[in-house]
Amino acid sequence: FLNFSNNVSGSIWVDNGEIYDAVGGAAVSSAKALSLTWTNTKCFACGNPTGTAADGMGIYWDDSSHSKTADVLISHSQFWGIPGLSSGEAGAVEASYMRSLVIKNSQWWNVDSQTQFKGVLSIANKTVDVEGNIFQANTLATGAGVMIEFCCSGPDVASTAIVTGNTLQNTSTNAISQAISTDAVPVVSNFAGNVIAGNITSPGAAKSVCLADGTNCGIAFGTPSSSSATCSQGQTEFDAAYLYTCVAANTWRRVAMSSF
């Protein structure tokens with residue numbers, strides 16, 4: 001529907017529309033610092049089953065200058081994929097080198113991709129906020145992979161990553177391996193309060209999630225490898241012997257458990 005490649009900067013706003021048979025994806029940009037606001041819009045038969053990485057089911061937005069000065073906002077919108085066919089590199093959204101990526105109160109049906117990234121692929125975005133959405137996979141061409149992926153480490157790790165209040169669902173017979181995956185833990189992160197349903201093997205990086213049956217809503221069961229293991233402040237885990245709390249970046253403290 002939209003395709004940009006040579007813009008140096010600017011802003012695009014799509015609001016209150018209906019799009020049909022967007023075979024190249026709803027919006028594609030490999031320009032420089034170009035911002036996108038996408039609100040209150042529906043996309044039907046969204047995606048390209050034989051396209052390149054950029055021709056995904058929904059939105060592919062890349063700042064080719066890596067400036068991290070542009071923003072992507074997707075809100076109150078719905079996307080329906082092409083049933084039974086894989087699409088591009090990321091089934092719902094792929095965004096890279098943005099100052100902010102915000103996805104809120106939207107629904108993505110029948111997400112799929114030609115790679116392991118089935119829903120959202122965030123690459124080197126400074127801040128990411130994904131709240132109140134539904135990401136549903138139905139007829140995956142292949143299994144494995146993750147629903148939401150945070151790429152990269154080092155200087156490209158996100159400074160803030162919030163993924164809360166979403167429903168991550170897979171009704172396909174091909175399993176998704178992880179609900180949320182990170183190459184490195186963002187400086188500030190909150191992956192709590194998501195509902196994971198269907199054929200998803202592991203919550204992955206999500207440390208506090210609710211499963212569809214209402215279980216696993218508390219602190220995650222786990223044991224940090226050492227007192228300096230990677231963590232974000234406030235992250236908490238427990239095992240049979242100790243309660244562990246991350247009091248500062250990569251700094252764990254523990255207290256012993258006892259019967260009473």
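When only modelled atom types and interatomic distance are considered, Gln107 and Gln78 share a side-chain donor-acceptor pair under 3.5 Å. A donor-acceptor pair shorter than 3.5 Å cannot be found between the side chains of Asn40 and Asn16. A donor-acceptor pair shorter than 3.5 Å cannot be found between the side chains of Ser228 and Asn250.
Ring geometry for Phe4 versus Trp61: interplanar angle over 60°, hence perpendicular rather than tilted (30 to 60°).
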Item to complete: Check the pair Val247 / Arg253 against side-chain contact (heavy atoms from CB on, under 4.5 Å), numbers first and verdict last.
Response: CA-CA 7 Å; Val247 297; Arg253 296 291 183 265; 4.0 Å; yes

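The two residues Ile74 and Ile59 make their nearest non-hydrogen contact at CD1-CD1, 3.6 Å. Summarising the geometry of Asn125 relative to Ala95, their closest heavy-atom pair is ND2-O, 2.9 Å, with the distance given to 0.1 Å. Listed here is the closest heavy atom pair of Phe135 and Met147: O-CE, 3.7 Å. The two residues Ala92 and Val111 make their nearest non-hydrogen contact at CB-CG1, 4.1 Å. Counting all heavy atoms, side chain and backbone alike, Cys151 lies closest to Leu121 at CB-CD1, 4.5 Å. For the residue pair Asn194 and Gly165, the shortest heavy atom distance occurs at OD1-N, 3.3 Å.
Using a 4.5 Å cut-off on side-chain heavy atoms (C-beta onward), Ile123 and Cys152 make contact. Contact annotation: the side chain of Val14 never approaches that of Thr39 to less than 4.5 Å [non-hydrogen atoms, C-beta and beyond]. Side-chain contact between Asn166 and Val130 is present, with at least one heavy-atom pair separated by less than 4.5 Å. Annotation: side chain of Leu168 is in contact with side chain of Ile180 (closest heavy-atom distance under 4.5 Å). Proximity of Asn199 to Ile176: side-chain heavy atoms (C-beta onward) are nowhere separated by under 4.5 Å. You'll find the side chain of Val163 reaches within 4.5 Å of the side chain of Ile148, heavy atoms only. Using a 4.5 Å heavy-atom cutoff, the side chains of Gln169 and Val195 are not in contact. Put simply, the side chain of Ile19 reaches to within 4.5 Å of the side chain of Thr41, judged on heavy atoms.
Formation of a donor-acceptor pair under 3.5 Å by the Trp252 side chain with backbone atoms of Ala229 is found in this model. No donor-acceptor pair under 3.5 Å is formed between the side chain of Asp62 and the backbone N or O of His66. Thr69 places no side-chain N or O within donor-acceptor distance of the main-chain N or O of Ser67, the cut-off being under 3.5 Å. In this structure a side-chain-to-backbone donor-acceptor pair under 3.5 Å is missing from Thr171 to Gly198. In this structure a side-chain-to-backbone donor-acceptor pair under 3.5 Å is present from Asn133 to Asn105. At distances below 3.5 Å, not a single donor-acceptor pair connects side-chain atoms of Ser172 with backbone N or O atoms of Ala137. Counting only distance, with no hydrogens or angles, the side chain of Asn138 and the backbone of Asn110 share no donor-acceptor pair below 3.5 Å.
Taking OG from Ser181 and CD from Glu149, the interatomic distance works out to 4.0 Å, rounded to the nearest 0.5 Å. To the nearest 0.5 Å, atoms OG (Ser159) and CG (Asp156) are separated by 11.5 Å. The distance from the CD atom of Gln136 to the CH2 atom of Trp80 is 12.0 Å, given to the nearest 0.5 Å.
Placement of Val102 and Trp108 in two distinct hydrophobic clusters is found when ILVMFWY residues are connected by side-chain heavy-atom separations under 4.5 Å, directly or transitively. Leu73 and Tyr97 are assigned to two separate hydrophobic clusters, defined by single-linkage of ILVMFWY side chains at heavy-atom distances under 4.5 Å. Hydrophobic clustering, with ILVMFWY side chains joined whenever heavy atoms are under 4.5 angstrom apart, keeps Ile162 apart from Val120.
Taking the six-membered ring wherever Trp is involved, the centroid distance between the rings of Phe150 and Phe191 falls below 6.0 Å.
For residues 175-200, no pair satisfies salt bridge (Lys or Arg N to Asp or Glu O under 4.0 Å), with sequence neighbours left out.
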Do any side-chain atoms of residues 30-37 form donor-acceptor pairs under 3.5 angstrom with protein atoms, and if so which ones, sequence neighbours left out?
unit_1, atom_1, unit_2, atom_2, d
Ser35, OG, Asp71, N, 3.0

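A cation-pi arrangement is present between Arg254 and Tyr242 under the rule of less than 6.0 angstrom and at most 45 degrees off the ring axis.
Legend: residues meeting salt bridge (charged side-chain N to carboxylate O under 4.0 Å, His left out) with Asp15, ordered by chain and number and at least two apart, are absent.
Here Lys68 does not pair with Asp63 in a salt bridge; the nearest charged N to carboxylate O distance is not below 4.0 Å.
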